[in-house]
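Written out below as structure tokens is the structure these notes cover.
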Amino acid sequence: MSKIIASAAIRGAHKLVKNTEDTIEKAIGEKGKDFVFEFPDTAFYLPMIYAMTGFAVKTLADMKVAIGMAKEMLHPEPEEHLWKPYLGEALDSGMAMLFAEEIILALRYINGLEPAVDPETGYIYNGFITDTIQRNLGIQLVDGRMPGFAAIIGAAPDDDTAVKIVREIQEKNILTFLSGQARDKNGNLTNVTQQLLRKKVELGWDTYIVPLGPDTEHTLYALDWSVRASLIFGGKKPGDFKTHLKYTKDRVFAFALVLGELDDIKWSTGAGAINMGYPAVCDTDVPVIHPTGVCIYEEVDKEFDHNRIVQKAIEVRGLKVTVEKPPIPVSYGPAFEGERIRKEDMFIEFGGQRSPAFELVRTKELDEIEDGKVIIIGTDVEERYKKGGLMPLGVVVDVAGRKMQKDFESIIERKLHHNANEAQGLWHMGQRDIVWMRISNQAFKDGITLEHIGVIHNTMTHNRFKSIVDKVQVTIYVDEKDVLALQEEAKKAYKERDKRLGGMTDESVDTFYSCLLCQSFAPSHVCVISPERLGLCGAYNWLDTKAAFEIDPTGGNQPILKGEAIDSVKGRWTGVDDYLKANSAGKVETLNLYTIMDNPMTSCGCFECIISIIPEANGVMIVNRGFTGMTPAGMKFSTLAGSVGGGTQNPGFMGIGVNFITSKKFLFADGGIKRIVWMTKALKERIAEDFKKRAEEEGVPDLLDKIADETICEDSEKLLEFLTGVGHPALEMEPMF
Ligand code: SF4
Ligand code: ZN
């Protein structure tokens, strides 16, 4: 590291560590040393300190110990140290800085100052990033939809430049965190959050722009989040700092854009980020650093041209960004999926129970359709569209291909939602004959026409399903009588499909599929996906993986020949075991698909729900991601999740996709759904309809009412009272173990 920067980084760290020490003392004076603190919804205490040192900070006294570690990192000569990584002087000071920042932010939470409120706009920043969000996004990271993260620190020279930079990042599907402040070209102190707010840019997780806070220290939240990927998905042990730093460098594709002038705090936070393998590109004349033989991999670069700075950062970090965009006059990409279009901003809408509408994908012969064609059928189409308001809409997407199968229709059809929604200014909800779509005034002004809807489906169906689809033709109907008539045809098709899928069982096929997508984060995890058990993230069922394999034979979904049944009750096959031995990095020898008690499926970290046994009740409880309350297992979701992930088998605990609950194979060897004694209310509501059918089949039609939820109890004692009161079947069943 060059001398100037190193000394700035070290100076910054010294300053903040001292400051933090004083603040801890003050807090101890006010609240006592045993005062307990937890960041919202995390199982990892102060995650950076926990990951690096293995020390769980739970109280103010613990914070004092942790800041002691930071101080020792700042000592120039290695003596007897509490904890000192020896990464080099400047880098150690960077790590010390991150410890201090983490504690400072914790103390601000204690004092009610976090999440920060923007003084200019009243905007409430995101603050600490929860484990739940990490898991929610896990799947997008592993399947490549989100190639990486950017942290923008400071302020652009003007508001328009801020918008331009952020839009460019959004189009590349990169998640952006905002923090810090700087002077704009007029010398006013501001930050990118304020600049975007002034330009009415929609902020938040849905649009991939997450303002963390107005200070440089707030950048820590993003680093804190990325180090948890190593704990959650990587299954790396707390305290093993070298492994964590290697993991973040190799697998978390993050970089920083530092806009505006730098100060000591920015330098030392930067040194901390460099430890994790995240380079920075600045728009000011910083001395550029080159690695100097130490075991570090830092990179700080500069780029004065704001038209090039994003591209530069992507190159420096070595991100692979492949964006396939249809030829339409608005921006396109998943970052635009989350936009809402309110009534005032709406130019025209279709469906949503206001006008008849549907979408249907049909398989055709190759010679029956013309590739790339969009046909619009209706009377006075253009005038009616230009008037805006409301219109009927039937979208028929005909596809043909040598490898196309009827089974793939539903998969292609499900993507129509994303196809449309990813266009800026288009909003889409639902599917089949309950679709609802809006086009914004702005998108209309930008030149979006009805034909573009067809163009989008055309391009994106090709892009997403390259090797199974050779030709795509879209027909759009806008006359009510046509839409109504075709809707009937569509309904028949939906029904046939459902019947065929509903009838498919694990016994009826000889091939299951693996999903290895999460191995980029959890190297030993394999999802085994059968017709009756979907992936634990809920995003992939058997048909999806089958289609994915056809689309990309060398991709993350591979066929698993079942082979001989070793135990058909527990769901164990020779072929599955062989596959796992070869593909789980030696971690899984054997698997039972239908039990939680004996070699159950492993979990990566992005499960929709966790099942945990409740021994006292002779049953299991199920809690969904996003539920932050206590459960009768004595742990919150976040704590449970902390012990389930990372690709290991944990008898008694398992991550699952929501739809598995109503499968006939759900805990089949353990007694099935009759074992469920507690389930969150949200889950109950979400699966009610299918669950009731299953309960009837099991001979307990009122089972759902006999299952407790958080409104009834949050501990096992009250749970038992309730179960006894209602006569829950689990109490009468054989002991679970
Ligand atoms: Fe990850 Fe399993 Fe989902 Fe595949 S199915 S993305 S491995 S959780
Ligand atoms: Zn996963």
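Every number for a ligand or one of its atoms is a count from 1 in the order of the listing.
Counting heavy atoms from C-beta outward, Met276 and Leu223 have side chains that approach closer than 4.5 Å.
Looking at Ala522, Gly605, Cys537, Cys515, it is Cys515 that brings a heavy atom closest to atom 7 (S) of ligand 1.
The side chain of Cys604, and not its backbone, has at least one atom closer than 4.0 Å to an atom of ligand 1 (non-hydrogen atoms only; side chain from C-beta on).
Contact check on Glu359 versus Arg414 returns no salt bridge, with no Lys/Arg side-chain nitrogen under 4.0 Å from an Asp/Glu carboxylate oxygen. Using a cut-off of 4.0 Å between Lys/Arg side-chain N and Asp/Glu carboxylate O, Arg625 and Asp131 are scored as not salt-bridged.
Within the listing of ligand 1, atoms 8 (S) sit less than 4.0 angstrom from a heavy atom of Leu536. Each of the following atoms of ligand 1 lies closer than 4.0 Å to a heavy atom of Gly535: 5 (S).
Qualifying ring-ring contact (aromatic ring centres under 6.0 Å, His included) partners for Phe408, counting only residues two or more places apart in sequence or in other chains: none. Take Lys546 and apply the salt bridge (charged side-chain N to carboxylate O under 4.0 Å, His left out) test, not counting sequence neighbours, and it matches no residue.
Not one N, O or S atom of Cys518 sits under 2.8 Å from atom 3 (Fe) of ligand 1.
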